[in-house]
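Quick notes on the structure that follows.
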Amino acid sequence: LVIYNTIIDALCKEGLVNEACNLCSKMINKGISPDVVTYSSLIHGFCCIGKLDEASRLFKEMEHRKIYPNVYTFSIMVDALCKEGKIVEAKCVVDMMLECGQEPDIVTYNALIDGYWLINKVREAIELFDNIVKRGLALDVWTYNIMINGYCKIKRVDDALSFFKEMHCNNIVPNVATYNTLIDGLCKSGRIFRAQELVKEMHHAGVFPDFFTYNILLDALCKCKHLDSAIALYQKIVDWGIKPD
RNA sequence: UAGUCUUACCC
């Protein structure tokens, strides 16, 4: 079952969800019953290709087979609905999970917070963030990244930077996505100098730049007409043996 | 073995 699940998940991640379903049918024919992991992978797969109707169908089917959704399955549905801007429906799913005796975890909440940002409900995003803190649930680096990204996208980079400070105080270690988000936000707000400082800070913190970082910097340098610097950076990246996009 | 964040490109 674990081997089947691994392959089914890999197919889903390649967008080959129908193939994954076929494999699942084959598995059933061989007498192996799918479990909550199998269904979660398939539901996630359908969500990723925008077929939420198919995802919901599988969601009902699994309950019918007495395979009950867990916090992963519910979070997948919450995230997919949020990404379509359907926050009301996403909250219904959270209510549903509570009724099923499943507690939403930080991942579920992170998806919801991001959902609020996606539809520009800044106030609601902050309220939910504060509520999580009040309820004593541990925030993680993703929670902060989502808040930082939200503020950067509405050009409130200083608010993003205060969350960046706050995460240090809470002993949450920024990762490459944290730095990338802030560097991009600073660049797009024209604060190239501060962005460069962050690049140094990132290096100092032992966080390695990735494709995102380079794309962000190359994009910023090109748009600032610092084509010479962009070419120099591009050359460095190539020399380091990293493939730029 | 499954879920949440960051760039460009495309639209």
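Only heavy atoms go into these numbers, but all of them, side chains included; no hydrogens, no water, no symmetry mates. To find a chain, count down the sequence lines: A is the first, B the second, and so on, and within it residues start at 1.
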Are there more than 12 heavy atoms of other residues, nucleotides or ligands under 6.0 Å from atom NZ of A/Lys155? yes
Which atom pairs, one a donor and one an acceptor, fall under 3.5 Å between side chains of residues 159-167 of chain A and the rest of the protein, sequence neighbours left out?
{"unit_1": "A/Asp159", "atom_1": "OD2", "unit_2": "A/Arg156", "atom_2": "NE", "d": "2.8"}
{"unit_1": "A/Asp159", "atom_1": "OD2", "unit_2": "A/Arg156", "atom_2": "NH2", "d": "3.2"}
{"unit_1": "A/Ser162", "atom_1": "OG", "unit_2": "A/Asp158", "atom_2": "O", "d": "3.2"}
{"unit_1": "A/Ser162", "atom_1": "OG", "unit_2": "A/Asp159", "atom_2": "O", "d": "2.8"}
{"unit_1": "A/Glu166", "atom_1": "OE2", "unit_2": "A/Tyr144", "atom_2": "OH", "d": "2.8"}

Near RNA chain B, counting only heavy atoms under 4.0 Å, which residues of residues 100-109 of chain A show up? A/Asp105, A/Val107, A/Thr108
Ignoring hydrogens and angles, write down the donor-acceptor pairs under 3.5 Å from the side chains of residues 69-86 of chain A, residues two or more places apart or on other chains.
{"unit_1": "A/Asn70", "atom_1": "OD1", "unit_2": "A/Tyr72", "atom_2": "N", "d": "3.0"}
{"unit_1": "A/Asn70", "atom_1": "OD1", "unit_2": "A/Thr73", "atom_2": "N", "d": "3.1"}
{"unit_1": "A/Asn70", "atom_1": "OD1", "unit_2": "A/Thr73", "atom_2": "OG1", "d": "3.0"}
{"unit_1": "A/Thr73", "atom_1": "OG1", "unit_2": "A/Ser40", "atom_2": "OG", "d": "3.0"}
{"unit_1": "A/Thr73", "atom_1": "OG1", "unit_2": "A/Asn70", "atom_2": "N", "d": "3.1"}
{"unit_1": "A/Ser75", "atom_1": "OG", "unit_2": "A/Val71", "atom_2": "O", "d": "2.6"}
{"unit_1": "A/Ser75", "atom_1": "OG", "unit_2": "A/Thr108", "atom_2": "OG1", "d": "2.9"}
{"unit_1": "A/Asp79", "atom_1": "OD1", "unit_2": "A/Lys83", "atom_2": "NZ", "d": "2.6"}
{"unit_1": "A/Asp79", "atom_1": "OD2", "unit_2": "A/Lys83", "atom_2": "NZ", "d": "2.8"}
{"unit_1": "A/Glu84", "atom_1": "OE1", "unit_2": "A/Lys86", "atom_2": "NZ", "d": "3.2"}

From the options A/Leu58, A/Val17, A/Leu52, select the one residue that forms a side chain to side chain contact (heavy atoms under 4.5 Å, CB included) with A/Ile43. A/Leu58
Pairs satisfying salt bridge (Lys or Arg N to Asp or Glu O under 4.0 Å), at least one member in residues 213-222 of chain A, at least two apart: A/Asp219-A/Lys223
Going by side chain to side chain contact (heavy atoms under 4.5 Å, CB included), name the residues that satisfy it together with A/Ala205, two or more places apart in sequence or in a different chain. A/Tyr179, A/Val207
Least distance between heavy atoms, A/Ile113 atom then A/Ile132 atom: CD1-CD1, 3.7 Å
Considering only heavy atoms, which members of residues 176-190 of chain A lie under 4.0 Å from some atom of RNA chain B? A/Ala177, A/Asn180, A/Thr181, A/Asp184, A/Lys188
So which pairs with a foot in residues 120-130 of chain A pass salt bridge (Lys or Arg N to Asp or Glu O under 4.0 Å), sequence neighbours left out? A/Arg123-A/Glu127
Let me know the distance between CG of A/Asp219 and P of B/C10, rounded to the nearest Å. 11 Å
At a heavy-atom distance below 4.0 Å, what parts of residues 38-54 of chain A sit against RNA chain B? A/Ser40, A/Ser41, A/His44
It should be established whether A/Asn149 places a side-chain nitrogen or oxygen under 4.0 Å from OP1 or OP2 of nucleotide B/U6. yes
Rounded to whole Å, how long is the line connecting atom NZ of A/Lys153 with atom P of B/U6? 7 Å
Working note: A/Phe129 + A/Leu139, criterion side-chain contact (heavy atoms from CB on, under 4.5 Å); need CA distance, chi angles, decisive distance, verdict. CA-CA 9 Å; A/Phe129 180 93; A/Leu139 302 170; 3.6 Å; yes
Rounding to an integer number of Å, can you tell me how far A/Asp210 CG sits from B/U6 C1'? 8 Å
Distance check needed: B/A2 P versus A/Lys13 NZ, whole Å only. 6 Å
Distance-only side-chain donor-acceptor flag, A/Asn149 / A/Asp114, under 3.5 Å: no
For B/U7, is there a stacking contact with A/Phe212, counting only centres under 5.5 Å and planes under 30°? no
Nucleic acid contacts - residues 67-87 of chain A versus RNA chain B, non-hydrogen atoms under 4.0 Å: A/Asn70, A/Val71, A/Tyr72, A/Ser75, A/Ile76, A/Asp79, A/Lys83
In residues 114-135 of chain A, what residues come within less than 4.0 Å of RNA chain B, judged by heavy atoms? A/Asp114
Figure out the CG/C1' separation between A/Leu1 and B/A2, and round it to whole Å. 11 Å
Heavy-atom closest pair, residues A/Asn180 and A/Thr213: OD1-OG1, 2.7 Å
From CZ of A/Phe164 over to P of B/C5, roughly how many Å is that when rounded to an integer? 20 Å
Checking A/Asn145 against A/Asn175: is there a side-chain donor and acceptor pair closer than 3.5 Å? yes
Non-neighbouring partners of A/Glu197 that pass salt bridge (charged side-chain N to carboxylate O under 4.0 Å, His left out), sequence neighbours left out: A/Arg194
Can you pull the ring pair (Phe, Tyr, Trp, His ring centres under 6.0 Å) pairs that have at least one residue in residues 79-121 of chain A, sequence neighbours excluded? A/Trp117-A/Tyr151
Closer than 4.0 angstrom, basic N to acidic O: yes or no for A/Glu54 and A/Arg57? yes
Integer-rounded Å distance: B/U6 P and A/Leu198 CG: 18 Å
Grab the CG-P distance between A/Leu221 and B/U7 for me, whole Å please. 17 Å
Would you mind telling me which of B/U1, B/U4, B/U6 lies closest to the side-chain atoms of A/Trp142? B/U4
For A/His168, does the NE2 atom sit with more than 12 other heavy atoms under 6.0 Å from it, leaving out its own atoms? yes
